[in-house]
Amino acid sequence: MSIERFINQSISSWMNADGPQADIILTSRIRLARNLKDYLFPTIFTKEEADKVLKQVESVIPLLNLHPLKDAELLKMEELQPLQKQVLVEKHLISPSLADQSITGACLLSQNEEISIMINEEDHIRIQCILSGLQLQAALDLANAVDDQLEQHLDYAFNEVRGYLTSCPTNVGTGLRASVMLHLPGLVMTQQMRQLIPSINQLGLVVRGIYGEGSEALGNIFQISNQITLGKSEQDIIIDLNDVVQQIVNQERAAREAIIKTSGVQLEDKIYRSLGVLMNSRIIETKEAAQCLSDVRLGIDIGYIKNISRNILNELMILTQPGFLQLYAGGGLRPFERDVRRATMIRERLQMENNN
Amino acid sequence: MHFTKIINGEKTEIHLCEHCAQEKGTEFMISGTSGFAINNLLAGLFNLNSNIEQLNQNNPIQSGEIIQCDRCGMTLNQILNIGRFGCAHCYKAFQEQLNPLLRRLHGGNWKHNGKIPQRSGGVLNIRKKIDILKETLQTLVAKEEFEKAAEVRDEIRLYEKQLQEGGE
């Protein structure tokens, strides 16, 4: 398969980088956790019960009256190859625990991959919406619309005092996790990020790397999300997150301007060296690729590099992950082979830019 | 390179080449420990808040009973070990132990203040209406306006019937 076709088949709508403030904010994500009241939580339910949950949700799918879910596809974890599951994880469409640990786990995925509904993960139902750029409100509206449709046909575990009941008490109440993925090379370069993280934490928000809990901030990409799910309305949760994110964006812009002013040539040198590495290397590891992609993306955002489109960071951060590389290669790859493939894929992708 | 991780008594052996260990090794370690940390944290939050009375309750030898969810059978200790509840009813069964924990997890909050499901939310709304009507009924009876009271009583019955039909 040609690289162009492979990429076209692989990208989700959010990777197009056409959302508001997409120069700094990669995605806005909303997740709603819901459970069915008549079944034990996935914590301890039996295979038989898990099957019943899936069957019940499956029976409701044809009744959902929501345009974005038209032609949505139900993916059952048992029927997928390990590599296919890994790719879905790398695209943030399902969680690692749904892929590896769930009993009768499944995912209903919309055509444009903006909506994914995980079934039998930590909770019976997890509705997830991902949009490009800063669009928390739109993502919440979409998730609520999906939620309303499901609720018409399913009996949720809900309690007046505690709200939506979830298997983990950290999610109870709204069941809402709102998160924003940001590219913050300016704040990292000026060493401000380290100071910023504790103050963000104090506001009841969590900062993480690109692949969630415990992962490092590869390529200067950070995820910021709400911690508190109980006692605040959905609206207030996203307003508060939005405010903090907007402040961080402003600081990132200020940091970029400061670097350009004080050390413009050094920055330009760093960016073009990274572009050189991406265009010419024959072997490249994940970490180096992520750092160079971050530099090049910064170069595009501040106007040093003009002939490369902005979405290469979004695309290549995902496409150079181990699962995707192996899918493209058509089979398992040893680590060294992956590094070679990664270098090749990046070169070919940059070549596509020059052809356009 | 060989890793052995033991989580909840389940032993997993992982064999990695040096390269993967570099890329993935820390991931295994971190994901392993973070899950562990969350459970510990939850257990800590419960314990920090437990007063002597609660400790006694938690100790089956002293109190003679184990708090257990009467629907799924999970005990408080099991929940602490896993860091998750077994079913929706656990929230009722462990109601008393839950308030301090939720306050700590959610910045002092313990009561839901967000979305209400449309369908079962309708039931909530009907219950509210019945409560108001019952108050009206009492005032009417006190004023000896029996004709009006009878009307209100019929209205309440109508709503109560709706509740029953709603499968509550």
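All of these numbers come straight from a predicted model, not from anything done at the bench. Below, chains carry the letters A, B, ... as their sequence lines are ordered, and counting in each starts from 1.
Of the two parts of A:His153, only the backbone, made up of N, CA, C and O, holds a non-hydrogen atom closer than 4.5 Å to a non-hydrogen atom of chain B. For chain B, the nearby parts of A:Asn144 are the backbone and the side chain; heavy atoms of each come within less than 4.5 Å. Only the side chain of A:Glu122 comes within contact range of chain B, judged by heavy atoms closer than 4.5 Å. Neither the backbone nor the side chain of A:Asp123 comes within less than 4.5 Å of any heavy atom of chain B. Of the two parts of A:Leu154, only the backbone, made up of N, CA, C and O, holds a non-hydrogen atom closer than 4.5 Å to a non-hydrogen atom of chain B. Looking at A:Arg334, neither its backbone nor its side chain comes within 4.5 Å of chain B, counting heavy atoms on both sides.
Contact check for A:Val161 versus B:His112: no side-chain heavy atoms found under the 4.5 Å cut-off. Side-chain contact between B:His106 and A:Val172 is present, with at least one heavy-atom pair separated by less than 4.5 Å. Taking the side chain as every heavy atom from C-beta outward, B:Lys115 and A:Asp148 approach each other to under 4.5 Å. For the pair A:Phe45/B:Cys87, no side-chain contact is recorded, criterion being any heavy-atom separation below 4.5 Å from C-beta on. Residues B:Phe85 and A:Leu40 form no side-chain contact, since every pair of their non-hydrogen atoms from C-beta on lies 4.5 Å or further apart. Two residues are said to be in side-chain contact when any heavy atoms from C-beta on lie closer than 4.5 Å; B:Asn113 and A:Lys232 fail this criterion.
Counting heavy-atom pairs closer than 4.5 Å to chain A, the top residue among B:Cys72, B:Gly107, B:Ala88 is B:Ala88. Contact count against chain B (heavy-atom pairs under 4.5 Å) is highest for A:Asp155 among A:Leu36, A:Asp155, A:Asn35, A:Asn159. Annotation: maximal heavy-atom pairing with chain B below 4.5 Å, among A:Gly173, A:Pro96, A:Ser233, A:Ser167, occurs at A:Ser167.
For the atom pair CG (B:Leu102) and CD1 (A:Ile228), the distance works out to 12.0 Å, reported to the nearest 0.5 Å. With values rounded to the nearest 0.5 angstrom, B:Asn109 atom CG is found 11.5 Å from A:Arg162 atom CZ. Atom CD of residue A:Gln149 and atom CD of residue B:Gln118 lie 8.5 Å apart, to the nearest 0.5 angstrom. Taken to the nearest 0.5 Å, the SG atom of A:Cys168 stands 11.5 Å off from the CD1 atom of B:Ile82.
Around atom CD of B:Glu145, more than 12 heavy atoms belonging to other residues, nucleotides or ligands sit under 6.0 Å away. Around atom CD of B:Glu135, no more than 12 heavy atoms belonging to other residues, nucleotides or ligands sit under 6.0 Å away. Within 6.0 Å of atom CG in A:Asp51, more than 12 heavy atoms from other residues, nucleotides or ligands are found, so the atom counts as buried in its surroundings. Within 6.0 Å of the NZ atom in B:Lys143, the count of heavy atoms belonging to other residues, nucleotides or ligands does not exceed 12.
When all heavy atoms of A:Thr174 and B:Gly114 are compared, the pair lying nearest together is CG2-CA, 4.5 Å.
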